[in-house]
Amino acid sequence: MTRIQMIIVAVCLALGVGGYLVIGRPGMADSPMAERQHEIMEKIRNAPETLTAAETLARLERTAVDKPDAPEPHYFIAELLRGQNRPDDAARAYQSALRRDATYVPALVGLAQVLVEMGDGAVGPDAARLFARAYELDDTQVQAGMWAAMGAAQAGDQDRAAQMMRAVFAKLPPDDPRRDRFGAMLDVIGESEALPAE
């Protein structure tokens, strides 16, 4: 390194350190983030529609720190990341929600959906298990029940798929428009004779 290069590096280093000392305020623990969180909270109170994705994410991350046992902040972080086409990060955030509450149905469904997306539409065993668990916990999650049945069918277990579809079908109210769709699906797999009488 020549003498001139050494002088340039030294000047840049001095400017960088000086700038940090003046602007960065070392020793002021988390002050810039605290101020930023305050600004975000003001936006939430006064003009929530103006929040950017980055501000929403920052607020959710702060909430996750403030409420370490709550699955909801991690779930909403996952939803935001999924909307930004970041499936790997979304999957990790859904898993964080489930570590806090293994029965949190929105995270079970969200993680299963991300796994399907990452699998190019295939309902693999992990996704099928998550969908089935979500439906078991909340039988109003009809779509989750249907996806679980699709997972069984894709795995080659047509009997299980038909059994799951019949179980979902049986719980639908008589006037539910999805009954026609389920009936057609069961006809296709040769199980129409097992449909419960209306």
Worksheet item: Under 3.5 Å, is there a donor-acceptor pair between the side chain of Q158 and the main chain of A153?
Response: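 Side chain of Q158 to backbone of A153: a pair is present.
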
Practice prompt. Using atom types as modelled and distance alone, determine if a side-chain donor or acceptor of Q154 lies under 3.5 Å from a backbone N or O of V123.
Written response: yes

Would a 4.5 Å heavy-atom cut-off, applied to side chains only, mark [X] and [Y] as touching?
X: V142; Y: V168; result: yes
X: T103; Y: R133; result: yes
X: D159; Y: D157; result: yes

Discussion item. If the condition is salt bridge (charged side-chain N to carboxylate O under 4.0 Å, His left out), which residues does R178 pass it with, not counting sequence neighbours?
Written reply: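 Checked R178 against salt bridge (charged side-chain N to carboxylate O under 4.0 Å, His left out); matches are D176.
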
Same cluster or not: are [X] and [Y] linked, directly or through other Ile, Leu, Val, Met, Phe, Trp or Tyr residues, by side-chain heavy atoms under 4.5 angstrom apart?
X: L137; Y: M164; value: no
X: V109; Y: L111; value: yes
X: M150; Y: L172; value: no
X: Y135; Y: L130; value: no
X: M118; Y: Y75; value: yes

Which heavy atom of [X] sits nearest to which heavy atom of [Y], and what is that distance?
X: S96; Y: H74; answer: CB-ND1, 3.5 Å
X: A128; Y: A148; answer: O-CB, 3.9 Å
X: F131; Y: A144; answer: CB-O, 3.3 Å
X: A149; Y: M165; answer: CB-CG, 3.7 Å

Sequence neighbours left out, what passes side chain to side chain contact (heavy atoms under 4.5 Å, CB included) with [X]? Give chain and number order.
X: A102; result: none
X: P71; result: A97, R100, D101, Y104
X: P68; result: none
X: D180; result: none

Below 3.5 Å, can you tabulate the donor-acceptor pairs from side chains in residues 76-87 to any protein atom, sequence neighbours excluded?
unit_1: E79; atom_1: OE2; unit_2: Y94; atom_2: OH; d: 2.3
unit_1: R82; atom_1: NE; unit_2: E117; atom_2: OE2; d: 3.1
unit_1: R82; atom_1: NH1; unit_2: Q113; atom_2: OE1; d: 3.0
unit_1: R82; atom_1: NH2; unit_2: E117; atom_2: OE2; d: 2.5
unit_1: Q84; atom_1: OE1; unit_2: R86; atom_2: NH1; d: 3.1
unit_1: R86; atom_1: NE; unit_2: D89; atom_2: OD2; d: 3.1
unit_1: R86; atom_1: NH2; unit_2: D89; atom_2: OD2; d: 3.1

Worksheet item: Hey, what do you get for CG (L108) to CZ (R129), rounding to the nearest 0.5 Å?
Response: 8.5 Å

Practice prompt. Quick one: do R62 and D66 satisfy salt bridge (charged side-chain N to carboxylate O under 4.0 Å, His left out)? Show the steps, please.
Written response: CA-CA 6 Å; R62 181 72 246 175; D66 292 343; 2.9 Å; yes

Worksheet item: If you count the non-hydrogen atoms of other residues, nucleotides and ligands that lie under 6.0 Å from CD in Q143, is the total more than 12?
Response: no

